[in-house]
2 protein chains.
Amino acid sequence: MAKSESNVDRIHEKLRQMAADFAFKPDQRINETELAISLDASRTPVREALNRLVAEGFLTFQSGRGFSCRPLSPQRILDLYEARVAIECEALRLSCARAKAEDIAALAEYLDGIEPEYAACTDVNALLAMDEGFHLALAELSQNAELMRMLKNLNDRIRYIRMIDLSRMRRGENQGNASPISAHRIILNAVLKRDALQADIALRGHIERRREEATEAVQIAYSQLYVPVD
Amino acid sequence: MAKSESNVDRIHEKLRQMAADFAFKPDQRINETELAISLDASRTPVREALNRLVAEGFLTFQSGRGFSCRPLSPQRILDLYEARVAIECEALRLSCARAKAEDIAALAEYLDGIEPEYAACTDVNALLAMDEGFHLALAELSQNAELMRMLKNLNDRIRYIRMIDLSRMRRGENQGNASPISAHRIILNAVLKRDALQADIALRGHIERRREEATEAVQIAYSQLYVPVD
DNA sequence: GTATACAAAATTGTATACAGAAAGATATAT
DNA sequence: ATATATCTTTCTGTATACAATTTTGTATAC
């Protein structure tokens, strides 16, 4: 049988999800014993997984005080969005230069396929998954594993904010924006034409429009995270 | 007294240095007990540090077979150089837009100051430190902590290859290249003029010239790493 | 009411023990 | 000689114990 996945991997995966969803409140200390019990393991593998999350930028670690969730500041989120622009735009440039025509075509076809689903979808998580999926597939055209790795990490870390932003957008609270799906179309068309400059402008604009709303989303995030439980 | 640094941090730092220097041979399994003894600690904190290095991209981990050093393939190195272009060029673009004039001036002055030292220096490690120092200082002008974080990680991971490349360059084995120091000058002048396009072209060219030699450096790296110890 | 000192409880940091898996060695059969 | 099976050794994975540290709670003084 195929038992290649380790326990630490499983715990790490689970904890990363929790960190992405802010199951740990910002700046709150994480109780290892409690966490270990809830994950049905001992503290040893849990701490190993927590250490990975520190290296991935989700948590902080202080001697004698253990692990805590990194605080969520507007500045940090802006930094992450800028980093995302860096990664995605360079990947796009590389894609224009070297992506296989059939791979681009396949992505275009995929985009056509999910368009109706996207337009009709009301579940924010599903929407977000589709959006992330497109951006990842786009980056994958660059055939650069390291850029992919970095982008996945960034995605995990801004997912919560994007979710808030996306749900606001769905509720029509920020009118006057072109639909993301048509923005995706425009970007991909530029890649098809191997027009790196056009593609860069379109993608940059697409991400930066979202970034502008990020600060506001951080405020909302805080209010959601600290809703009284009563 | 200030005893804020933890033992795991110390071990992690040490191991990262070892990984950057390829003290672990590529694909070779790492013996935890041996390592723990040599670091004067038990396996527990050592494994925690090793897990961080996995998340940072230095090592791999397989269930039942522990940790091993990631192999060093030409493709991976090219990916890392491309990622470096992504990070540094975006940082540069941001710097042109928002760096404080006094900070740019300070970096220019610093560059003037070390120029003679750089030209005279024969120690490859010192040279590399100066080179990395400039690039990091340049990126810092962007005031983006995440880009800095990513760049530091990339630097650690390609340091060994850069060292080989730099030592070859010093020995004059690849003639016809402009001196890196004058390339640095050109880039910084473009930032001073807030000319993002010019800066981008100069920096991109500067890094890509190095990248072209990277594949060759990987070959040399292997031959150096597997030299018989007799 | 605030501050300080000290005791008690909770939590982290790490060594160690041991079960289980992988790798290596040895023997046997073809 | 090669392949297979079995035993032995080594190394990994994780629970647990305990020391060290930090936090919390309480009492006392001002």
Side-chain angles (χ1 to χ4, degrees), chain A residues 1-19 22-71 226 229, chain B residues 1-19 23-71 226:
Chain A
M1 66 182 174
K3 188 264 172 186
S4 90
E5 179 162 319
S6 83
N7 194 22
V8 176
D9 285 339
R10 180 185 62 83
I11 294 172
H12 171 237
E13 181 66 27
K14 177 82 179 168
L15 289 180
R16 188 174 47 197
Q17 248 174 358
M18 291 174 69
F22 283 91
F24 313 115
K25 301 269 179 288
D27 269 333
Q28 189 189 31
R29 281 179 59 178
I30 293 169
N31 186 321
E32 296 167 15
T33 309
E34 207 178 309
L35 200 55
I37 292 170
S38 81
L39 292 168
D40 197 40
S42 80
R43 279 176 56 220
T44 310
V46 170
R47 276 182 63 106
E48 290 188 9
L50 289 170
N51 271 288
R52 290 196 195 176
L53 293 172
V54 169
E56 286 167 348
F58 289 99
L59 306 178
T60 59
F61 171 81
Q62 261 188 302
S63 178
R65 309 181 43 158
F67 302 87
S68 38
C69 186
R70 278 184 90 171
Y226 292 112
V229 197
Chain B
M1 63 180 174
K3 188 262 172 189
S4 90
E5 180 163 319
S6 85
N7 195 19
V8 177
D9 285 340
R10 180 185 63 81
I11 294 172
H12 172 236
E13 181 66 26
K14 177 83 179 166
L15 289 180
R16 189 174 46 198
Q17 248 173 357
M18 292 174 69
F24 314 113
K25 302 270 180 286
D27 270 333
Q28 190 190 31
R29 281 179 60 179
I30 293 170
N31 186 322
E32 296 167 14
T33 310
E34 206 178 309
L35 199 56
I37 291 170
S38 81
L39 291 169
D40 198 41
S42 79
R43 280 174 56 218
T44 311
V46 170
R47 276 182 62 106
E48 290 187 10
L50 288 171
N51 272 287
R52 289 196 197 178
L53 293 173
V54 169
E56 285 167 350
F58 289 99
L59 306 178
T60 59
F61 171 80
Q62 260 189 303
S63 179
R65 309 182 41 158
F67 302 86
S68 38
C69 186
R70 279 184 91 169
Y226 293 111

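Each chain gets a letter, A, B and so on, in the order its sequence line appears, and its residues count up from 1.
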Interatomic distance where [atom1] belongs to [X] and [atom2] belongs to [N] [whole Å]:
{"X": "L39(B)", "N": "dT14(C)", "atom1": "CG", "atom2": "P", "answer": "13 Å"}
{"X": "F67(B)", "N": "dC11(D)", "atom1": "CZ", "atom2": "P", "answer": "16 Å"}
{"X": "R43(A)", "N": "dA15(C)", "atom1": "CZ", "atom2": "P", "answer": "14 Å"}
{"X": "N31(B)", "N": "dG13(D)", "atom1": "CG", "atom2": "C1'", "answer": "14 Å"}
{"X": "H12(B)", "N": "dG13(C)", "atom1": "NE2", "atom2": "P", "answer": "16 Å"}
{"X": "N51(A)", "N": "dT14(C)", "atom1": "CG", "atom2": "C1'", "answer": "13 Å"}
{"X": "E32(B)", "N": "dA23(C)", "atom1": "CD", "atom2": "C1'", "answer": "15 Å"}
{"X": "I37(A)", "N": "dA15(D)", "atom1": "CD1", "atom2": "C1'", "answer": "13 Å"}

What's the spacing between [X] [atom1] and [Y] [atom2] if we round to 0.5 Å?
{"X": "R29(A)", "Y": "L59(A)", "atom1": "CZ", "atom2": "CG", "answer": "13.5 Å"}
{"X": "L35(B)", "Y": "M18(B)", "atom1": "CG", "atom2": "CE", "answer": "5.5 Å"}
{"X": "L53(A)", "Y": "I30(A)", "atom1": "CG", "atom2": "CD1", "answer": "8.0 Å"}

What's I30(A) touching, base or sugar-phosphate or nothing? Going by heavy atoms closer than 4.0 Å.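 Sugar-phosphate contact only.
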Looking across every strand, which nucleic acid part, if any, lies under 4.0 Å from F61(B) by heavy atom: base, sugar-phosphate, or nothing?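 Answer is sugar-phosphate: F61(B) comes under 4.0 Å of backbone atoms only.
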Hey, is the side chain of N7(A) poking within less than 4.0 Å of OP1 or OP2 on dT14(D), counting only N and O atoms?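 The answer is yes; a side-chain N or O of N7(A) sits under 4.0 Å from OP1 or OP2.
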Less than 4.0 angstrom between a side-chain N/O of R29(B) and OP1 or OP2 of dA23(C), yes or no?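 So the side chain of R29(B) is within the cut-off, an N or O lying under 4.0 Å from OP1 or OP2 of dA23(C).
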What heavy-atom pair brings F61(A) and R52(B) nearest, and what distance separates the two atoms?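 Closest approach of F61(A) to R52(B): CD2-NH2, 3.5 Å.
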Closest heavy-atom pair and its distance - P45(B), V8(B):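 Smallest interatomic distance, heavy atoms only, reads CB-CG2, 4.0 Å.
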Which residue lies more 5' along DNA chain C, comparing E34(A) with E48(B) via nearest heavy atoms: E34(A)
Hey, which sits more toward the 5' end of DNA chain D by its nearest nucleotide, S42(A) or R65(A)? S42(A)
Please figure out whether D40(A) or G64(A) has its closest DNA chain D nucleotide nearer the 5' end.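 Closer to the 5' end of DNA chain D: D40(A).
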Return yes when atom NZ of K25(A) has more than 12 non-hydrogen atoms of other residues, nucleotides or ligands closer than 6.0 Å, and no otherwise. yes
The bend of the helix from dG1(C)-dC30(D) to dT30(C)-dA1(D), taken between the axes of its five terminal pairs at each end and rounded to 10°, is 10°
Nucleotide nearest R47(A) when distance is taken to its side chain, options dT14(D), dT22(D), dT14(C): dT14(C)
So, E13(A) and R16(A), do they make that salt bridge, N to O below 4.0 Å? yes
